[in-house]
2 protein chains.
Amino acid sequence: MYTIGQAAKLTGIPAETLRAWERRYGLTPPERTNAGYRLYDDAALATFREVGRLVEAGWKPREAVLALKDHDVEWLPDAREFVEGIASGSLDLEQATATLGVRFAVQPFSRVVDEWLLPMLGFLGEEWAKGRISVEQEHELAAALMRRLGLVFESAAVQRGGPVILMGLTEGNRHELGLMAFACIVRSAGLDVRYLGPDLPAEEWGRAAKRARPAAVVTTAPSQADLPQVLAVLDAVRAIVPDVVMCVGGQRQYEVGEPVIALGHRFGEAAHSLAQRLGVAV
Amino acid sequence: MYTIGQAAKLTGIPAETLRAWERRYGLTPPERTNAGYRLYDDAALATFREVGRLVEAGWKPREAVLALKDHDVEWLPDAREFVEGIASGSLDLEQATATLGVRFAVQPFSRVVDEWLLPMLGFLGEEWAKGRISVEQEHELAAALMRRLGLVFESAAVQRGGPVILMGLTEGNRHELGLMAFACIVRSAGLDVRYLGPDLPAEEWGRAAKRARPAAVVTTAPSQADLPQVLAVLDAVRAIVPDVVMCVGGQRQYEVGEPVIALGHRFGEAAHSLAQRLGVAV
DNA sequence: CAAGGTTGGGACAAACCTTGTACAAAGTCA
DNA sequence: TGACTTTGTACAAGGTTTGTCCCAACCTTG
């Protein structure tokens, strides 16, 4: 437990400000000693830091506090707890995804993806394999997350005129979430991403390439069955744009081999290196 | 929620300009705080970006907003032109969805769906049948429209505690757009819609019903092949909730028959009558 | 006990937002 | 061409929000 001065030192927010936040917006009324001294716990400090980050990002403190109160930080548990909540049915999906929106505002998007979304998808796959998550649960979650990511995608500013990047899934592949997250990151960096959607046959990739003349093409290979599809897409696109850069993500990305580039499992860095390869400053 | 300064920073449009647009064209009168401060949500920000995009592309702001709002605008030719533009490749998808977004902001959402989106989907199907629209074009458009509708879905206020409505597509059916538009309308009316996504087998509908205890279930039957699936879903859900209300949309909705309710092709009215049937005031 | 931290509340300047009016640059039209 | 409209931006006067400061009284620690 910390007194207000210690809390101020640890969070970097002046004690007067912490008191003002409590007085004005009712932010985390702390426990008190017998004499009336405030005593904060670690959760309170975490909340202060979250509010601080939002304020630093330009939010009005009132709005920041309200947002964090509505979607209590405690409510977005770590990835494993989240999946556990889905499996047991104890998680309110509506509230959890709304909280994710606040998360996106508090932390850099790519960090949330690398440290939360991708691990979460991994756990989800495990639990699904064990039969602890039903198809309909997985569907509903995927749809909700796609909407959240779509919000980020739409709010990213694009600079037209630069190199075009085509993203989509190969025939038979419908696992959109990872790719969409990557698309959001790349688009947030200002690149012109064209998102084609799931389950697209190789010849359609050729048509898309003819229309868009992409500098790069990104897809994923979550299972072994996707590998030949990825190569087919490579052929189809290369027939139109011979020197196109092709990148691939997903569990089996390293099994595709030259000249396809594996993106790795850290999307922030992957997006960065993709931008560099295309000669675009980020 | 964002203040006007925040909105200006996030959209890149000066606050004075946002106020001028509101004053001159009535663009998205926002909520206000007690003190009169404007508060914008994500959908409003999307609209601003869309108008900005149109202005950047050479539209006049007045036309970008008012022309899309005026009553004497012919909707159907416009939807046809839209599809024509997609087919010929002369239409910029970003710009096209931008006009749709502005319409959502200045017209009742259900009217835009009834008079523009649904006819447009009809034309799109026709051209697709004629081979004038490729699969990848249709995919990319569908993904973009789903993102835009998802934005509406997410920014619609929900009142938990009321009757739950389950929406999704039956096994093999992946035509999400119509259903998603309907989901947006119903959710905007304050009802608790759970959107399950496409391609869900009947037994999974049963599982979802066990979790959510829905008062109503909505799906679509765009082709004849979907009819048996719809009946299978009805059986599966009724095994859990015997007196559930089941509604169906899509081209073949009238061929399902009792006790399934056909929604008709005017979603505004359909949503209204669904709400009435559930005893909810809208 | 002394020194330093904490309590509440009031006060205040800076930053932000409000409405209304004004104006220059650019476009439109007869 | 000249008159008129449109549009982005600017400014003034006034209200709101917010970080910070002050202060007398109280608490904790050495």
Side-chain angles (χ1 to χ4, degrees), chain A residues 1-41 44-45 47-70 105-106, chain B residues 1-41 44-45 47-70 98 102 105-106:
Chain A
M1 302 293 268
Y2 314 92
T3 63
I4 197 167
Q6 292 169 317
K9 213 165 277 176
L10 290 170
T11 60
I13 300 164
E16 290 88 359
T17 305
L18 295 180
R19 268 194 292 259
W21 286 354
E22 182 189 335
R23 173 160 33 103
R24 289 170 177 155
Y25 325 119
L27 182 65
T28 57
E31 291 192 45
R32 302 283 188 138
T33 67
N34 290 334
Y37 274 35
R38 274 166 255 250
L39 285 181
Y40 298 104
D41 56 13
L45 261 57
T47 306
F48 290 149
R49 275 189 272 258
E50 308 254 2
V51 175
R53 260 190 295 238
L54 281 176
V55 170
E56 213 170 326
W59 290 50
K60 300 228 121 194
R62 162 164 272 129
E63 291 299 316
V65 171
L66 246 61
L68 286 171
K69 247 191 189 166
D70 280 356
V106 172
Chain B
M1 302 294 271
Y2 313 93
T3 60
I4 197 167
Q6 262 284 312
K9 213 171 280 173
L10 290 172
T11 60
I13 300 164
E16 292 90 357
T17 305
L18 295 182
R19 270 192 289 257
W21 286 355
E22 182 189 334
R23 173 161 32 93
R24 289 169 180 159
Y25 324 120
L27 186 66
T28 57
E31 291 192 46
R32 302 283 188 137
T33 67
N34 292 333
Y37 279 32
R38 275 164 254 251
L39 283 182
Y40 300 101
D41 60 10
L45 259 56
T47 305
F48 290 146
R49 274 187 281 261
E50 280 155 354
V51 174
R53 203 168 290 157
L54 292 178
V55 170
E56 213 172 326
W59 292 52
K60 293 184 185 176
R62 160 153 272 130
E63 282 170 29
V65 179
L66 287 187
L68 295 173
K69 185 187 206 171
D70 281 351
V102 176
V106 297

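Just so we're clear, the structure is a prediction, and the values are computed from it rather than from any experiment. So you know, we letter chains A, B, ... as the sequences are listed, proteins then strands, and number each from 1.
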Paired nucleotide for dG30(D) [Watson-Crick or G-U wobble; both distances under 3.5 Å]: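 Result: dC1(C).
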In whole angstrom, what separates [X]'s [atom1] from [N]'s [atom2]?
X        : N       : atom1 : atom2 : answer
Glu31(A) : dT7(C)  : CD    : C1'   : 18 Å
Glu56(B) : dT7(D)  : CD    : P     : 17 Å
Lys9(A)  : dG4(C)  : NZ    : P     : 13 Å
Arg32(B) : dG15(D) : CZ    : P     : 17 Å
Ile13(B) : dT7(D)  : CD1   : P     : 14 Å
Leu27(B) : dG8(D)  : CG    : C1'   : 15 Å
Ile4(A)  : dT28(D) : CD1   : P     : 15 Å

Residues that Glu22(B) engages under side-chain hydrogen bond (donor to acceptor under 3.5 Å, both in side chains), provided they are two or more places apart: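 Partners of Glu22(B) by the side-chain hydrogen bond (donor to acceptor under 3.5 Å, both in side chains) criterion, ordered by chain and then number, come out as Arg38(B).
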Set of side chain to side chain contact (heavy atoms under 4.5 Å, CB included) partners for Arg53(A), sequence neighbours left out: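 Arg53(A) satisfies side chain to side chain contact (heavy atoms under 4.5 Å, CB included) with Glu50(A), Val106(A) only.
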Any residue meeting side chain to side chain contact (heavy atoms under 4.5 Å, CB included) with Thr11(A), in chain and number order, not counting sequence neighbours: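 Side chain to side chain contact (heavy atoms under 4.5 Å, CB included) check on Thr11(A) returns Ile13(A), Leu45(A), Phe48(A), Arg49(A).
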Qualifying side-chain hydrogen bond (donor to acceptor under 3.5 Å, both in side chains) pairs with a residue from residues 24-36 of chain B, counting only residues at least two apart or across chains: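 Non-adjacent pairs meeting side-chain hydrogen bond (donor to acceptor under 3.5 Å, both in side chains): zero.
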Reading 5' to 3' through nucleotides 16-27 of chain D, protein heavy-atom contacts under 4.0 Å coded B for base, S for sugar-phosphate only, - for none: BSBBBB-----B
Could you pull out every donor-acceptor pair under 3.5 Å between side chains of residues 2-9 of chain A and any protein atom, sequence neighbours left out?
unit_1  : atom_1 : unit_2   : atom_2 : d
Tyr2(A) : OH     : Asp42(A) : OD1    : 2.7
Thr3(A) : OG1    : Gln6(A)  : OE1    : 3.3
Gln6(A) : OE1    : Thr3(A)  : N      : 2.9

Any side-chain heavy-atom pair of Glu63(B) and Leu54(B) under 4.5 Å: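 Glu63(B) vs Leu54(B): side chains apart.
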